[in-house]
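The structure under discussion appears below in the form of structure tokens.
Just so you know, ligand 1 is whichever comes first in the structure, and atom 1 is the first atom listed for that ligand. Everything numeric in this text was worked out from a predicted model, so none of it was measured.
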Amino acid sequence: MADAPAECNIKVLCRFRPLNQSEILRGDQFLPKFQGDDTVVVGGKSYAFDRVFPTNTTQEQVYNTCAKQIVKDVLCGYNGTIFAYGQTSSGKTHTMEGKLHDPHQMGIIPRIAEDIFNHIFAMDENLEFHIKVSYFEIYMDKIRDLLDVTKTNLSVHEDKNRVPYVKGCTERFVSSPDEVMDVIDEGKNNRHVAVTNMNEHSSRSHSIFLINIKQEHVETEQKLCGKLYLVDLAGSEKVSKTGAAGAVLDEAKNINKSLSALGNVISALAEGTKTHVPYRDSKMTRILQDSLGGNCRTTMFICCSPSSYNDTETKSTLMFGQRAKTIRNTASINLELTAEQWKRKYEKEKEKNKTLKETIQKLESELNRWRNGEDVPETERTTSEIVTRIESVEERPILDNDTSSIVVRISEEERQKYEEEIRKLYKQLDDKVLAYIPHTVPSFCCLLLLPLLASSRGDGDKVQAELGRLQVESDCAKAEVKEVLQALEELAINYDQKSQEVEEKGLQNQLLAEQLSQKMASLMELEAELSRMQEVSGQQRKRIAEVLNGLMRDLSEFSSIVGNGEIKLPVEISGAIEEEFTVARLYISKIKSEVKSMVKRCRQLENMQLECHRKMEETGRELSSCQLLISQHEAKIRSLTEYMQSVEQKKRQLEESHDSLSEELAKLQDQGNTETHTQKIMDGNVKKAPRHQGESHRGLHHKQLARLRDEINEKQRIIDDLNDRNSKLELELAQIRADFERLKSQDSTKSERLEELSFLHERHEQTKQDLKGLEETVARELQTLHNLRKLFVQDLTSRVKKSSEMEPDDSGGSCTQKQKISFLENNLDQLTKVHKQLVRDNADLRCELPKLEKRLRSTAERVKALETALRDAKEGAMMDRRRYQQEVDRIKDAMRAKNAMRRPHAAQIAKPVRPKQLTVCSPTNPFYAYIRATEHANTYSNALFQSNVTPQQSTSVSCNPNSVQNNTSEVHCGSEVDDSNRHYMIQQETAAS
Ligand code: ADP
Ligand code: MG
């Protein structure tokens, strides 16, 4: 490091804060009286500082007055420190930090953060800055990293220049004010706070924010570095005042110890007894060693409270400031010399050494001459001019580009002063010599010798002093030379290494050149082969084109067969093969998709056909069952008509029998009249009885006849009714069938439409997929195009290179190359065309896409609507069917009811009339009993009377289904048959019987 030391005092600035709220409430007195800019009177005593800031000073004023200059200094390569000293709540933190993000209330640190960058941005653009910051606190003499909470006890070390620093402390590189502020925010969050009743915040620890700035001139490689310590000290008050106890008391004592160490250091420095400064008493004083009496430009803020309550503390603070004011620092630029500068310095030193040696020799010879009693003439004497010249050589600054930063070791003024002093000393010496000269020597001799002696003595002394000085300087120079030599040695080693590397590289280079020539030869061969291949490929291309043409024609035919004319193929293809091939591929993919969709559709249609068949079968089955039912009904009707006819016949028979009987009766009456005419008188009473009986019989008979007639009429009516109903039902059936047919046709049309729509949908999907495929192909084509282009460019560049290499010896080659280039350009053009075509296709397809999507959407909607319509129709059909079923059920019920109404007859006949004597009587023949009854009139009448039971009774009997069932099952088939069939069979049985 080269430095230009400049001594200066520590700047001490005093700042008073305003009275705070509690002080005002307490009615504290406002102590300080400000006199001018730099004096304050407290308690009748005046204290002068570099500057005194009254209570109303703004943060900006404070910053501009003191801190702004420090930033400039640090950027020039000086070290700087700003302290804030004072009791707790006197405004230290307010001064150093303030409100960090408030533009008016922010303190020195945030303003510095901003100012540094402002300065840097205004500086020479060839300068390069590296700014890093650290933030740590010293608490109980332990250094705690505020940017890494795991580092709680860092140690202080010294660097190679014996400057203390905190080892292992986190350093953050920053490049903007915001980044600095982020670091501060982070550190503040980590800050430890022990709360006392004096101040809750940062009263017990010293916080140190360090900004390290390194700069390098890009061209000259000149390096400067500056450190800026920003220190917010712990409260300086007496321990008793904080009200601390126990652990906190220990803590306070410890903190005060470090503060007292600071006080001791300042006292030692202030006293000027630089023999021992107790820097090592605390870590804080060690870290700030350079700031206190060292290489640093230091500013100290002493912060005071104006309140009378803090009187003592304020006074001690002011005293502290007074002491600190006397400390002198020696700030110098922290400069690192470049190798070039070291070299220059070495040369200069060497030159200086040489001249000094020459001077010494001259002086020695002159001295010898003097010693030998020779009188050296004035012209041959070594004068002070020579020394001055040497000195001027010595003092010439090393840095030509930064004269301001190098201070001349002895200034002109000082030299003059020194010369004056030397002259004075000579005079004194002369006087003394005169006093010592023996009186025996004749005065003229004395007078002769005196000036000679004096001058020789003076010269001798001077030469001696000069010699000593030169020796010292030469020692210094030797040491420096040694350093420089070391540096040079390193350089030489580096040079050796580099030259070795260069040799190796040269060898490698040669090898590579050989390889290159080999490769070139092989390349030539390959090119020849390539041209051959190109010829062959041209032929093949032609053939391929032909084949492709044929293929395309086939394809177009195929597409016209398969597709519906949507796929159109160019009839004649004569472009580049790639293009044709791509087109063919595209069409093939289209056709493929078409065929796929066709196959799918075929499969679907087959499925649908199967379904239709199934449905048709079902419907046929239903139809046959309906037909069966109808035929059953018809059979029933037929049986009923037959029954009716039989009844009619029977009626006629009965009437006939009645007539015959009545005839017989008339005959019998005639016979009776003639036979009994005689016996009339005798048997008058006896014969009266049978006649009477016959009359009653006839009345009964008449009655029965009437009833039968009624019954017959009734039955006729019922039959008519049933016939009507049957015809109605048939009509309904026909209608339902028609409905069914209609629905079926509707269903089929709808399903057809559905199919159509689904087919459309599928096609749409297919188109989508095609589109995707197409896009992919396009992308692939683009990629190949890109690759081809790249290859082409590479080829072109290599060819150009080659042509430039070959140009001097061969101009025919360039012609072929031009041809090749034009060929390649043609290729490129074609590729571009294909590319454009593809892009256009893509765009078209993209245009089509929304339309197709719209269509798809509308189709889907239609499909949905149709589906709902179909569902509705199906539901309607189901309802019709249900209605039909209900109708059928109703008819069945009616038939059953009719049967039931008829059954009382059967029951009347079959069931109740079953005395022991009528066992042969068929239970199903209602008239059998009647016939028998005429034969056994008495029993019959009984039976008839018995059968003329109340309707309820008869119904109750006839309605016993078991009895009926048992009978029928026994009679007919002995198997289960359904109700209607059973009735039908019973009727048939009855009819048969
Ligand atoms: P210290 O750090 O010395 O313990 P602070 O800086 O925290 O003290 O100051 C204590 C209080 O006094 C803070 O609320 C601060 O805002 C206020 N204060 C200090 N100095 C001033 C000032 N010059 N002007 C206005 N308020 C101040
Ligand atoms: Mg504070």
When rounded to the nearest 0.5 angstrom, what is the spacing between [atom1] in [X] and [atom2] in [Y]?
X	Y	atom1	atom2	value
T95	I302	OG1	CD1	11.5 Å
L13	K325	CG	NZ	10.0 Å
S308	E23	OG	CD	8.5 Å
S207	I138	OG	CD1	9.5 Å

Going by heavy atoms, is [X] under 4.0 Å from ligand 1?
X	answer
N20	no
K99	no
G235	no
C303	no

Sub-4.0 Å atoms of ligand 1 with respect to non-hydrogen atoms of T88
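The atoms of ligand 1 under 4.0 Å from a heavy atom of T88 are 4 (O).
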Distance filter under 4.0 Å to R15 heavy atoms, resulting ligand 1 atoms
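Counting atoms of ligand 1 from 1, those under 4.0 Å from R15 are 23 (N).
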Is T88 close enough to the Mg ion (ligand 2) that one of its N, O or S atoms comes in under 2.8 Å?
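Coordinating: no.
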So is there a nitrogen or oxygen of [X] less than 3.5 Å from a nitrogen or oxygen in ligand 1?
X	result
R17	no
H94	yes
T55	no
T95	no
F16	no

Determine whether the side chain, the backbone, both or neither of P18 has a heavy atom under 4.0 Å from any heavy atom of ligand 1.
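Under 4.0 Å from ligand 1, P18 contributes side-chain atoms alone.
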Applying a heavy-atom cut-off of 4.0 Å, say which part of Q87 lies close to ligand 1: side chain, backbone, both or neither.
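Looking at Q87 and ligand 1, just backbone atoms fall under 4.0 Å.
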Going by atom type alone, with no hydrogens or angles, which donor-acceptor pairs under 3.5 Å involve a side-chain atom of residues 32-44 and a protein atom two or more places apart or on another chain?
none

Do L228 and I213 touch side chain to side chain, with heavy atoms closer than 4.5 Å?
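Answer no - side chains too far apart.
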Should E60 and K68 count as an ion pair when the cut-off is N to O under 4.0 Å?
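No.
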Scan residues 163-182 for pairs that pass ring pair (Phe, Tyr, Trp, His ring centres under 6.0 Å), counting only residues two or more places apart or in two chains.
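Of all non-adjacent pairs touching residues 163-182, none passes ring pair (Phe, Tyr, Trp, His ring centres under 6.0 Å).
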Between N118 and E114, is any side-chain donor less than 3.5 angstrom from a side-chain acceptor?
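Their side chains do not contain a donor-acceptor pair, so the 3.5 Å distance test is not met.
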Per the side-chain hydrogen bond (donor to acceptor under 3.5 Å, both in side chains) rule, which among T88, N310, N20, D28 passes with S305?
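It is N310, the one option of T88, N310, N20, D28 that forms the side-chain hydrogen bond (donor to acceptor under 3.5 Å, both in side chains) with S305.
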Heavy-atom distance to atom 8 (O) of ligand 1: which of P54, S305, S89 wins?
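The nearest heavy atom belongs to S89.
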